[in-house]
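Within every chain, numbering begins at 1; the chains are lettered A, B, ... in the order of the sequence lines, protein sequences first and strands thereafter.
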There are 2 protein chains.
Amino acid sequence: MKLGEGVEWAAHCAIIVAGLAGRSTIPGKALAEYHGVSETYLLKHLKALVTAGILESVPGPRGGYRLARDAAEITLLDIVEAIDGKQPVFRCTEIRQRGPTAVEACAYRGPCGINRAMLSAEAAWRLALAEHTLASLAAGVAISADPRVISRTGEWLARNERKSAS
Amino acid sequence: MKLGEGVEWAAHCAIIVAGLAGRSTIPGKALAEYHGVSETYLLKHLKALVTAGILESVPGPRGGYRLARDAAEITLLDIVEAIDGKQPVFRCTEIRQRGPTAVEACAYRGPCGINRAMLSAEAAWRLALAEHTLASLAAGVAISADPRVISRTGEWLARNERKSAS
DNA sequence: ATAATCATGGATGATTTATATCCATGATTC
DNA sequence: GAATCATGGATATAAATCATCCATGATTAT
Ligand code: SF4
Ligand code: SF4
């Protein structure tokens, strides 16, 4: 079992976008270069964030992405679900309904204990993810970063940020 | 993200094995037929359970599998980790060390906030899984099962269980 | 208006992982 | 010695993921 690396990309992008001033935007191309990842593929993930209501996109020259709502209102769970989907991690294939002891399907009502245990564990996972907001994550990343990285990132932001007129 | 269905197979097999009397065993072939799944592939998963110290295997005629320790000492987490591995679900690819703002690798000490948040959420998941033992799961499955299934399973067990001499 | 910039969406191919099979080997019991 | 069963490796198939390409439409600067 493995979480797609698109989630890591999206989380990093979201944190950078959260660091923009006001309603400024940053183009997807810049985000791809910054992280050294495939541009066209990253755009797909950014689109997923837009669809999920996490980011806003503005097209055209001087366009790009910005947060759709406050950074404190966006959780890590939102990002994971936007990229990876909301499907349960454990998907019962109903093997109890196969083999020589099976009876009619209608006799099996509701999920069994295994399924329930799996789903409740998943709920605990999601709950833990939802406790981290984009705001708290951004703070953590900033603290642990090397001073040189911070200054380089500042310069890079100055070159790529599209300041909002308003 | 998806948990392999081998986990579902292994969990069901473990519950059945847990229901055997004393030190009786049951052959892998019977378990495969019971669940209507590929025999050769299921054997691989059963082997994983043996390696993990969850099951014991006895070769030869009248051989098969039995629990390696008490059902109350085997958790759902043990089974998941035996089949799916213990690798973290979120695997940081260190994209912060790529792109134009990167500096020497030694400047990045320890995991960042994103990684820490992911890993702590995973820990919550594992903790929840560890709260369910094979004993409690077996009880839950028995309660929710249809009477006909229980009786058919009893007959099937009578045919396939290899009673222990001792 | 025109051109440049950028997001969107679908189609497509490559890569990796999961699933499944096959066969040879060794251990154990009858 | 023969039958039964687990083990292990090699290998094939299916599916999910990762990545690219190209055509389209929307927006802004000139
Ligand atoms: S017993 Fe649980 S996990 Fe197994 S097939 Fe039924 S619902 Fe699914
Ligand atoms: S910031 Fe966190 S998730 Fe991103 S590359 Fe670094 S350790 Fe990994």
Side-chain angles (χ1 to χ4, degrees), chain A residues 1-10 13 17 24-33 35-52 54-66 68 83-85 87 89-91 93 95 160-166, chain B residues 1-10 13 17 24-33 35-52 54-66 68 83-85 87 89-91 93 95 160-166:
Chain A
M1 189 177 44
K2 172 168 172 287
L3 202 53
E5 59 187 49
V7 172
E8 186 182 353
W9 298 8
C13 289
V17 171
S24 302
T25 65
I26 192 167
K29 184 176 185 178
L31 289 171
E33 281 173 359
H35 293 117
V37 301
S38 153
E39 177 187 347
T40 48
Y41 192 33
L42 177 64
L43 287 178
K44 292 233 183 299
H45 292 319
L46 292 176
K47 173 65 176 80
L49 293 182
V50 170
T51 302
I54 295 171
L55 296 187
E56 267 177 4
S57 66
V58 0
R62 310 198 59 72
Y65 296 90
R66 68 182 160 220
I83 302 298
D84 202 68
Q87 301 180 309
V89 171
F90 179 81
R91 295 165 209 167
T93 55
I95 70 174
N160 292 99
E161 182 174 358
R162 305 287 172 77
K163 299 232 173 89
S164 63
S166 61
Chain B
M1 189 177 42
K2 172 168 171 287
L3 203 53
E5 60 187 49
V7 172
E8 185 182 355
W9 298 9
C13 288
V17 171
S24 302
T25 66
I26 192 168
K29 184 175 184 178
L31 289 171
E33 281 173 0
H35 292 117
V37 301
S38 153
E39 176 188 346
T40 49
Y41 192 35
L42 176 63
L43 286 179
K44 293 231 181 300
H45 292 318
L46 292 176
K47 173 65 176 81
L49 294 182
V50 171
T51 302
I54 296 171
L55 296 187
E56 265 177 4
S57 66
V58 1
R62 312 198 57 73
Y65 296 91
R66 66 181 162 221
I83 303 298
D84 202 68
Q87 300 181 310
V89 171
F90 178 81
R91 296 167 208 168
T93 55
I95 70 174
N160 293 98
E161 182 175 359
R162 304 287 172 76
K163 300 233 173 88
S164 62
S166 63

I'd like to know if the side chain of A/Glu5 reaches the main chain of B/Thr93, judged simply by a donor and an acceptor atom lying under 3.5 Å from each other, with no hydrogens or angles considered. no

Segment of DNA chain C, first to last nucleotide, that comes within the 4.0 Å heavy-atom reach of chain A: C/dA4 to C/dA18

Sugar-phosphate, base or nothing in reach of B/Gly28, heavy atoms under 4.0 Å: sugar-phosphate

Taking every heavy atom of B/Leu46 against every heavy atom of B/Gly28, the minimum-distance pair comes out as CD1-CA, 4.0 Å

Mapping A/Lys47 and A/Pro61 to their closest nucleotides on DNA chain C, which lands nearer the 5' end? A/Pro61

Using whole Å, report how far CE of A/Met1 lies from C1' of D/dT17. 16 Å

Considering every strand and a 4.0 Å limit on heavy-atom distances, what is the contact class for A/Lys44: base, sugar-phosphate, or nothing? base

DNA chain D: 5'-proximal contact among A/Pro59 and B/Pro27 (nearest heavy atom): B/Pro27

Between A/Lys44 and A/Thr40, does the side chain to side chain donor-acceptor pair (under 3.5 Å) criterion hold? Intermediate values first, please. CA-CA 7 Å; A/Lys44 292 233 183 299; A/Thr40 48; over 6 Å; no

Output the rounded distance in Å from OH (B/Tyr41) to P (D/dA10). 18 Å

Which of these, B/Glu161, B/Lys163, B/Arg162, B/Arg62, sits in a side chain to side chain donor-acceptor pair (under 3.5 Å) with B/Ser24? B/Glu161

Is it true that B/Glu56 and B/Arg66 make a salt bridge, defined as a side-chain N closer than 4.0 Å to a carboxylate O? yes

Name the one of A/Leu43, A/Ile54, A/Thr25, A/Leu49 that satisfies side chain to side chain contact (heavy atoms under 4.5 Å, CB included) with A/Tyr65? A/Leu43

Please state how far atom CG in B/Leu43 lies from atom P in D/dT4, giving the value in whole angstrom units. 16 Å

Expressed in angstrom and rounded to an integer, what is the separation of A/His45 atom NE2 from D/dT17 atom P? 11 Å

Looking at every strand, decide which applies to B/Thr40 at a 4.0 Å heavy-atom threshold: base, sugar-phosphate, or nothing. base

